[in-house]
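Every chain is numbered from 1, with letters handed out A, B, ... down the list of sequences. The structure displayed is predicted, hence computed values, not measured ones.
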Amino acid sequence: MWAKAFIFLWGDKMLDLKLIRKKPEWVKERLATRQIPGEEIDQLLQLDQQRRDLTVKSENLKKERNDVSAKIAQMKRNHEDADAQIAQMKQVGQEIKELDEKLAKTTDDLNYILIRLPNIPDESVPVGSDESAAREERKWGTIPDFKFKPQAHWDLGEELGILDWQRAAKVSGSRFVYYLGLGARLERAVYNFMLDEHRKDGYTEVIPPYLVNAESMFGTGQFPKFTEDVYTIINTDEKPLTLIPTAEVPLVNFYRDEILDGSQLPINLTALTPSFRSEAGSAGRDTRGLIRMHQFNKVEMVKFTKPEDSWDELEKLTHNAENILQKLNLPYHVITLASGDASFTSAKTYDLEVWMPAQNCYREISSCSNCTDFQARRAHIRYRDEDGKTKLLHTLNGSGLAVGRTVAAILENYQNEDGSVTIPDVLVPYMDGVTKITKD
RNA sequence: GGAGAGUUGGCAGAGCGGUAAUGCACCGGACUCGAAAUCCGGCGAACCAACUAAUGUUGGCGCGCAGGUUCAAAUCCUGUACUCUCCGCCA
């Protein structure tokens with residue numbers, strides 16, 4: 001449904017074609033770690049050559065047409081006969097038209113491949129195709145040693161009367177939930193706390209649109225490949241809008257098609273938004289609890305940086321996310337995702353995984369990525385450097401954090417034997433002094 | 001939802017079939033002890049391609065976007081997006 005539109009919308013390149021031309025073997029090698037066959041790169045280079053040959057021919061003819069047309073204009077002014085030139089240009093015009101049609105076809109074929117190639121993973125990323133290849137970077141906190149069998153958060157929440165799955169299923173379906181009373185207040189306390197922390201760390205708070213157009217989804221790299229993972233709204237004008245799967249989309253696209261002043265960088269934005277995901281393909285996984293919902297709140301952080309700063313900024317961003325878990329005193333570890341496991345747009349991704357006692361394992365609660373210039377190239381976000389040149393900037397994004405999962409982690413890690421849940425100290429002021437959630 | 005007007009370089013703003021005026025800003029120079037003012041000159045958005053070791057040079061493209069007509073389109077035609085004004089409706 002979307003694919004065709006993009007080919008017309010973006011005559012631009014997604015990975016840097018010049019880089020592919022210059023170092024084809026290196027690109028092939030790097031992309032092989034993401035299961036991209038080398039033949040695609042060969043095909044790409046062939047189309048690129050064809051495109052440039054056609055461009056030269058077409059442009060030469062256009063030059064001729066411009067020159068002769070100027071002459072025709074001159075002759076007309078002098079009331080001379082220009083019929084011969086006009087006939088000649090008619091022929092040239094036909095040739096240009098044919099060449100340009102070929103050129104358009106070639107460009108379409110080229111872009112079809114190019115817009116489906118993922119970002120090139122950074123050299124520091126472990127090679128592998130799934131989570132088992134991830135590398136643990138560091139651990140934080142002490143895993144709680146319960147003297148009783150810890151309950152799952154969905155049971156705790158239900159017994160405390162703060163989460164209602166049944167009515168959510170009735171009203172909406174599976175993978176939806178109602179938060180009630182102190183549950184709703186806990187969720188609100190958590191995200192208010194997160195936003196305040198990020199503000200202190202220099203992020204500007206934003207409330208973005210929750211519905212975005214296809215261009216935006218393309219700009220951040222969700223489209224054209226991942227159309228099945230999102231909810232799309234068809235309005236009466238037949239112009240579809242997508243419910244954001246993450247605030248990253250409206251935040252990064254804020255500067256789409258713009259040239260920023262380099263002295264303003266880095267720019268840091270944060271937003272609390274609901275995120276909507278169809279979770280197609282995850283049937284049977286995490287069917288209970290707050291882990292995998294069709295709608296969930298998430299506080300997102302986005303950075304726009306100069307290329308030379310993006311790796312340092314990725315570390316800062318990750319620490320900003322870790323800061324939340326540390327202040328909440330939730331045990332976690334940081335892993336670097338393997339080349340084949342990171343998102344389409346990412347050159348390197350750190351995942352923060354929080355300890356979930358009932359499941360006796362770490363679960364993802366934040367994903368922090370450096371997208372390098374990949375999104376900037378798609379979304380045309382550039383900056384003007386001190387030397388006056390326009391350059392693509394780098395974009396980064398990270399959850400800080402997934403709010404529902406944070407609530408789940410608090411319920412499980414802070415539970416008591418009697419089924420009550422203690423409120424983490426930093427959240428008490430946000431809960432109007434409430435220190436514990438108990439049954440009735 | 002209805003009617004009308006608009007969208008041109010960083011900003012302002014002309015052009016309404018013959019290939020983007022002009023002003024402000026900006027850069028260089030002159031004058032000045034220095035600055036302002038004035039004068040002279042220059043650049044004028046992105047993007048693509050060819051040549052070049054690089055700085056660059058040349059060309060293409062470019063007037064919201066996409067098509068069409070024409071030897072030639074900012075200008076004519078069609079579609080479309082957005083902005084503004086008025087009317088209607090509305091949390």
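- Taking atom NZ of A/Lys389 as the reference point, atom P of B/C47 lies 11 Å away to the nearest angstrom.
- In this structure, A/Arg77 places its CZ atom 19 Å from P of B/C71, rounding to the nearest Å.
- Considering only side-chain atoms of A/Ser69, the nucleotide from B/C47, B/C48, B/C71 that sits closest is B/C71.
- With P as the reference atom, B/G44 and B/U58 are 11 Å apart, rounded to whole Å.
- A/Asn119 and A/Thr372 form a side-chain donor-acceptor contact under 3.5 Å, judged by distance and modelled atom types alone.
- Distances shown here put every side-chain N or O of A/Arg382 at or beyond 4.0 Å from the OP1 or OP2 atom of B/A45.
- Taking atom P on both nucleotides, B/U38 is separated from B/A46 by 28 Å, rounded to a whole Å.
- Residue A/Arg65 has a polar side-chain atom (N or O) positioned under 4.0 Å from OP1 or OP2 of B/A72.
- Remark: the separation of the P atoms in B/C31 and B/U19 is 40 Å, to the nearest Å.
- The closest side-chain donor-acceptor pair between A/Thr246 and A/Lys298 falls under 3.5 angstrom.
- Distance noted for atom C1' between B/A91 and B/A14: 45 Å (whole Å).
- Phosphate contact (OP1/OP2 of B/A46, side-chain N/O of A/Arg384, threshold under 4.0 Å): present.
- OP1 or OP2 of B/A50 lies within a sub-4.0 Å distance of a side-chain N or O belonging to A/Arg52.
- In this model, the phosphate group of B/A81 is not approached by any side-chain N or O of A/Asn213 to a distance below 4.0 Å at OP1 or OP2.
- To the nearest angstrom, P of B/C48 lies 9 Å from CZ of A/Arg51.
- Spacing between atom CD of A/Glu59 and atom P of B/C61 amounts to 8 Å, rounded to whole angstrom units.
- Nearest-nucleotide positions on RNA chain B place A/Ile259 closer to the 5' end than the other of A/Asp48 and A/Ile259.
- Nearer to the 5' terminus of RNA chain B, by closest-nucleotide assignment, is the contact made by A/Ala70 (compared with the other of A/Ala70 and A/Ala87).
- Rounded to whole Å, the P atom of B/U78 lies 37 Å from the corresponding atom of B/G23.
- Separating the P atom of B/A37 from that of B/A20 is a span of 32 Å, rounded to the nearest Å.
- In this structure, the CD atom of A/Gln85 is 14 Å from the P atom of B/A72, given to the nearest Å.
- Taking the six-membered ring for Trp and thresholds of 30 and 60 degrees, A/Phe344 and A/Phe374 have ring planes more than 60 degrees apart, a perpendicular arrangement.
- Remark: the A/Ser420 side chain and the A/Thr438 side chain contain no N/O donor-acceptor pair separated by less than 3.5 Å.
- Using P as the reference atom, B/G29 and B/U85 are 46 Å apart when rounded to the nearest Å.
- Here A/Ser58 lies out of heavy-atom contact (under 4.0 Å) with every strand.
- Contacts of A/Asn66 with the nucleic acid, taken as non-hydrogen atoms under 4.0 Å apart, involve only primed sugar atoms and P, OP1 or OP2.
- Whole-Å rounding puts the A/Glu95 CD to B/C71 P distance at 15 Å.
- Residues A/Glu158 and A/Gln166 share a closest heavy-atom pair of OE2-CG, 4.2 Å.
- When the side-chain nitrogen and oxygen atoms of A/Lys90 are compared with OP1 and OP2 of B/C71, one or more of them lie within a distance under 4.0 Å.
- Note: CG (A/Leu260) to C1' (B/A46) measures 14 Å, nearest angstrom.
- Comparing the P positions of B/A74 and B/C16 gives a spacing of 13 Å, expressed to the nearest Å.
- Rounded to an integer number of Å, the gap from A/Lys63 NZ to B/C71 P is 21 Å.
- A side-chain N or O of A/Ser216 and one of A/Asn213 form a donor-acceptor pair less than 3.5 Å apart.
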